Amino acid sequence: MVGDISNKRSNEAVEEDVQRLKDWLDKQPHLPHDVEHEILTAFVNGTKSLEIAKRKLDAYFSNRNRYVKLYDEISRDVNAQFRERSRSTNQFFLTNTTPEGYAVFFITLNDCFEKAFDHPHEATRMLMLLEAKMRKWPENKGAYLVIDCTGAPASLITMFSPTTLAACLGCYQEGFPIKMKGTLNFNAPPFIEFVVNNLFKPVMKTKLYERTKVTSEGASFLKQFMPLEMLPSNYGGNDKSVAELNDEWLNILEENREWFLRSTRQASDEKKRPPDSENTYGIEGTFRKLAVD
């Protein structure tokens, strides 16, 4: 079935595509078959066609083998040590979405950032938060990543691991169905642009890089992308405080601890991969075409 459809797809149409994706998944000997309905729904809603959904879902599971350090059980075990290693930043989603329905993933730096920052841990935590959001919000339309760069030290470029950065961006760009509508860095000192251009740009897809903004302006810069009243109370908005939202999302990760440990083991079995699966992704399957992102 080939045809144009609007962005506002009926629940029935989404469910039909979820079932098609599940039927395809059940025929793949190298991929897990016990995948939650919410996860499959997120892949259907977050991609422009079933073929892209298949490709991303395959990458979602094969990346667990490709980027092992981001997916080992110790790294994804949400315990007291996990919380301690999370002290350097606050990472959370705002309570409300933008008028267009986009989620907002917010990051701020704490006073201990320079001493406590653990790049592999924070990369793992970010991917876990995206997965938790997929489960809570399978109808996703896209997201903004907003970073308050206040407190970023001049040594920041030396604190990033290029290997970890490439792995984290690879996992997101290849295997996550949440479209990033923009990465908005505000309160940024001059060197942040250098960091973005020299560390991030080489491993970013063109569209993601073009949607990355860096400014020395304060939170008022965000008003062109979202209502300022949806921001945390620290920024004059109506949402909870940064500390409260950070704790709320750490608690969500902890509540899903068993799911994270179980899903970590849901990796592809490359020995069972069909010879042509990386190229076809069930090309004989049903197509649907969405409006261009």
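Since this is a predicted model, take the numbers as computed values, not measurements.
- Side-chain atoms of Leu109 and Cys149, non-hydrogen and from C-beta on, never get closer than 4.5 Å to each other.
- Annotation: Gln224, atom CD; neighbour count of heavy atoms from other residues, nucleotides and ligands within 6.0 Å is above 12.
- No hydrogens or angles considered: nothing links the side chains of Asn45 and Asn140 as a donor-acceptor pair under 3.5 Å.
- Side-chain contact, Ser268 with Asn65: a donor N or O sits under 3.5 Å from an acceptor N or O.
- Neither side chain, Trp259 nor Glu131, offers a donor N or O lying under 3.5 Å from an acceptor on the other.
- In terms of heavy atoms, Met180 sits closest to Tyr172 at N-OH, 2.9 Å.
- Across all non-hydrogen atoms, the minimal contact from Glu122 to Arg85 is OE2-O, 3.6 Å.
- What you find for Leu70 and Thr164 is that their closest heavy atoms are CD2-CG2, 4.5 Å.
- Residues Thr95 and Asp239 bring a donor and an acceptor atom of their side chains to less than 3.5 Å of each other.
- In this structure a side-chain-to-backbone donor-acceptor pair under 3.5 Å is present from Asn197 to Glu193.
- Atom CE of Met159 is separated from atom CG of Leu199 by 12.5 Å, given to the nearest 0.5 angstrom.
- Hydrophobic clustering (ILVMFWY, side-chain heavy atoms < 4.5 Å, transitive): Leu253 and Trp137 are in distinct clusters.
- Within the 3.5 Å criterion, the main-chain N or O of Lys205 finds a donor-acceptor partner in the side chain of Gln173.
- Looking at heavy atoms from C-beta onward, Arg125 lies in side-chain contact with Leu250 at the 4.5 angstrom threshold.
- Between the CG atom of Asn246 and the OG1 atom of Thr108 there is a distance of 7.0 Å, given to the nearest 0.5 Å.
- For the salt bridge (Lys or Arg N to Asp or Glu O under 4.0 Å) with Glu174, the qualifying choice from Arg64, Lys56, Arg66 is Arg66, the only one to do so.
- The shortest distance between side-chain heavy atoms of Leu245 and Phe93 does not fall below 4.5 Å.
- Remark: aromatic rings of Phe160 and Phe200 are close, center separation under 6.0 Å.
- Side-chain contact between Leu228 and Leu222 is present, with heavy atoms from C-beta onward closer than 4.5 Å.
- By the criterion of side-chain heavy atoms lying less than 4.5 angstrom apart, applied directly or through intervening Ile, Leu, Val, Met, Phe, Trp or Tyr residues, Phe176 is not grouped with Ile52; the two fall into different hydrophobic clusters.
- Contact of the Phe105 side chain with the Ile178 side chain is not registered, since no non-hydrogen atoms from C-beta on lie closer than 4.5 Å.
- Cluster membership check: Met230 shares its hydrophobic cluster with Ile107, using side-chain heavy-atom separations under 4.5 Å among Ile, Leu, Val, Met, Phe, Trp and Tyr.
- Below 30°, between 30° and 60°, or above 60°: for Phe106 and Phe186 the angle between ring planes is above 60°, a perpendicular geometry.
- Taking hydrophobic clusters as Ile, Leu, Val, Met, Phe, Trp and Tyr residues chained together by side-chain heavy-atom distances below 4.5 Å, Ile39 shares a cluster with Ile252.
- Between the side chain of Trp249 and the main chain of Gln91, no donor-acceptor pair closer than 3.5 Å is present.
- Interatomic distance, Tyr60 OH to Ser263 OG, rounded to the nearest 0.5 Å: 5.5 Å.
- A 4.5 Å side-chain heavy-atom check between Ser155 and Glu114 finds at least one atom pair inside the cut-off.
- Taking every heavy atom of both residues into account, Asn90 and Phe92 meet most closely at CB-CE2, 4.0 Å.
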Chi angles and distances behind the side-chain contact (heavy atoms from CB on, under 4.5 Å) call for Trp24, Leu57: CA-CA 11 Å; Trp24 170 83; Leu57 192 60; 4.3 Å; yes

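- In this structure, Asp26 and Lys22 have side chains that are in contact, with non-hydrogen atoms separated by less than 4.5 Å.
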Criterion side chain to side chain donor-acceptor pair (under 3.5 Å) on Asp23 and Gln19, from CA distance to verdict: CA-CA 6 Å; Asp23 291 343; Gln19 186 59 51; 2.8 Å; yes

Check against side-chain contact (heavy atoms from CB on, under 4.5 Å), Phe43 and Lys54: CA-CA 8 Å; Phe43 276 87; Lys54 293 172 185 178; over 6 Å; no

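- Residues Asn256 and Arg262 have side chains that never bring a donor and an acceptor to within less than 3.5 angstrom of each other.
- Looking at Arg87, its side chain never comes within 3.5 Å of a backbone N or O of Ala116 through a donor-acceptor pair.
- Each of Leu261 and Leu127 belongs to its own hydrophobic cluster when Ile, Leu, Val, Met, Phe, Trp and Tyr are linked at side-chain heavy-atom distances under 4.5 angstrom.
- If you take OG on Ser75 and CG on Asp118, they are separated by 9.0 Å, rounding to the nearest 0.5 Å.
- Ion pairing between Arg135 and Glu36 holds under the 4.0 Å rule for side-chain N and carboxylate O.
- Side-chain atoms of His30 never come within 3.5 Å of backbone atoms of Ser62 as a donor-acceptor pair (strictly under, hydrogens ignored).
- Contact check for Met128 versus Val78: side-chain heavy atoms found under the 4.5 Å cut-off.
- Separating the CD1 atom in Ile147 from the OG1 atom in Thr212 is a distance of 8.5 Å, to the nearest 0.5 Å.
- Using a cutoff of 4.0 Å between basic side-chain nitrogens and carboxylate oxygens, Arg20 and Asp17 are scored as salt-bridged.
- Between Glu210 and Lys207, no side-chain nitrogen of the basic residue sits less than 4.0 Å from a carboxylate oxygen of the acidic one, so the salt-bridge criterion is not met.
- The shortest non-hydrogen separation linking Ala152 to Ile192 is CB-CD1, 4.1 Å.
- Between the side chain of Asp77 and the backbone N or O of Glu73, no donor-acceptor pair lies under 3.5 Å.
- Taking every heavy atom of both residues into account, Ala53 and Thr47 meet most closely at CB-OG1, 3.4 Å.
- Checking side-chain atoms of Ser241 against main-chain N and O of Glu244 turns up a donor-acceptor pair under 3.5 Å.
- Cation-pi geometry between Lys181 and Tyr144 is not met: the NZ or CZ atom fails to fall both under 6.0 Å from the ring centre and inside 45° of the normal.
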Verdict with reasoning, Cys168 to Tyr67, per side-chain contact (heavy atoms from CB on, under 4.5 Å): CA-CA 8 Å; Cys168 184; Tyr67 307 116; over 6 Å; no

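- With hydrogens and angles ignored, the 3.5 Å screen pairs no side-chain donor or acceptor of Asn110 with any backbone N or O of Cys112.
- Thr124 OG1 to Asp72 CG: the interatomic distance, rounded to the nearest 0.5 Å, is 7.5 Å.
- Gln266 places a side-chain N or O within 3.5 Å of a backbone atom of Asp34 that can act as its donor or acceptor partner.
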Worked verdict on Lys179 versus Tyr102 for side-chain contact (heavy atoms from CB on, under 4.5 Å): CA-CA 9 Å; Lys179 302 184 188 78; Tyr102 304 143; over 6 Å; no

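- For the residue pair Glu15/Asn11, the side-chain donor-acceptor check at 3.5 Å is not satisfied.
- Under the 30°/60° scheme for interplanar angles, the aromatic rings of Phe113 and Phe117 are found to be tilted.
- Side-chain atoms of Ser49 and Glu51 form no donor-acceptor pair, as typed in the model, at a separation below 3.5 Å.
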